[in-house]
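Worksheet: one structure, shown below.
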Amino acid sequence: MINLTVSAENAVKSAISTAAQPASGLRIMVEGGGCAGFKYTMGLADAPKPDDTVIERGGIKLFIDYNSHEHLTGTTIDFVVALEGSGFTFDNPNAKSSCSCGKSFS
């Protein structure tokens, strides 16, 4: 369903190991908003919610809520370090278009 590059795995593992609050995984969701209609949201989570699907990639638990499944199927998440900034990027085959920031899509 969702793939993480080695760079993304390392970034998430680092975030989990240094988090101020205990975290057992990464919650990934798609919400309405952003400049293109939908936006990605991610954050560390201590446990899955009742309607989450739990997927393990590279030793990391990903918590995906029910409503985000159809938007995230086949998505690859990467972590990029660049001069203009570092952050996660999403290669989503379901996106018809995306904004220039890469954080929202339609």
- [ ] Ignoring hydrogens and angles, tell me if any N or O in the side chain of Ser7 forms a donor-acceptor pair with the backbone of Asp78 under 3.5 Å.
- [x] no

Task: Hydrophobic cluster identity match, Ile2 and Ile16, side-chain contacts under 4.5 Å - done: yes

Open item on the list: Hydrophobic clustering (ILVMFWY, side-chain heavy atoms < 4.5 Å, transitive) - are Leu4 and Val81 grouped together?
Closed with: yes

Task: Side chains of Lys13 and Ile60 in contact at under 4.5 Å (non-hydrogen atoms) - done: yes

Open item on the list: Could you measure the distance from the CZ atom of Phe90 to the CG atom of Leu72? Nearest 0.5 Å is fine.
Closed with: 8.0 Å

Open item on the list: Working to the nearest 0.5 angstrom, can you tell me the gap between Ile55 CD1 and Leu62 CG?
Closed with: 6.0 Å

Task: Distance in Å, Thr75 OG1 paired with Asp91 CG, rounded so as to fall on 0.5 Å steps - done: 7.5 Å

- [ ] Working to the nearest 0.5 Å, report the span between CE of Met1 and CD1 of Ile64.
- [x] 5.5 Å

- [ ] Please examine the side chains of His69 and Thr53, heavy atoms only from C-beta on, and report whether any two atoms are closer than 4.5 Å.
- [x] yes

Open item on the list: For the NZ atom of Lys39 and the CE atom of Met29, what is their distance to the nearest 0.5 Å?
Closed with: 9.5 Å

Task: No-hydrogen, no-angle side-chain donor-acceptor test under 3.5 Å, Ser68 and Asp65 - done: yes

- [ ] Identify the heavy atoms of Gly74 and Pro93 that sit nearest to each other, and give their distance.
- [x] O-CD, 3.4 Å

Task: Side-chain heavy-atom pair Ile77, Ile28 within 4.5 angstrom cut-off - done: yes

Task: CZ on Arg27 to CE on Met42, rounded to 0.5 Å - done: 12.0 Å

Task: Smallest separation among heavy atoms of Gly25 and Phe63, with atom names - done: CA-CE1, 3.8 Å

Task: Residue pair Phe38 / His71, side-chain heavy-atom distance below 4.5 Å - done: yes

Open item on the list: Using side-chain heavy atoms (C-beta onward) and a distance below 4.5 Å, is Tyr40 in contact with Val30?
Closed with: yes

- [ ] Indicate yes or no for a side-chain donor-acceptor contact from Asp52 to the backbone of Lys49 under 3.5 Å, with no hydrogens or angles considered.
- [x] yes

Task: Exceeds 12 heavy-atom contacts within 6.0 angstrom, atom CD of Glu56 - done: yes

Task: same_hphob_cluster(Phe88, Leu44) at 4.5 Å side-chain heavy-atom cutoff - done: yes

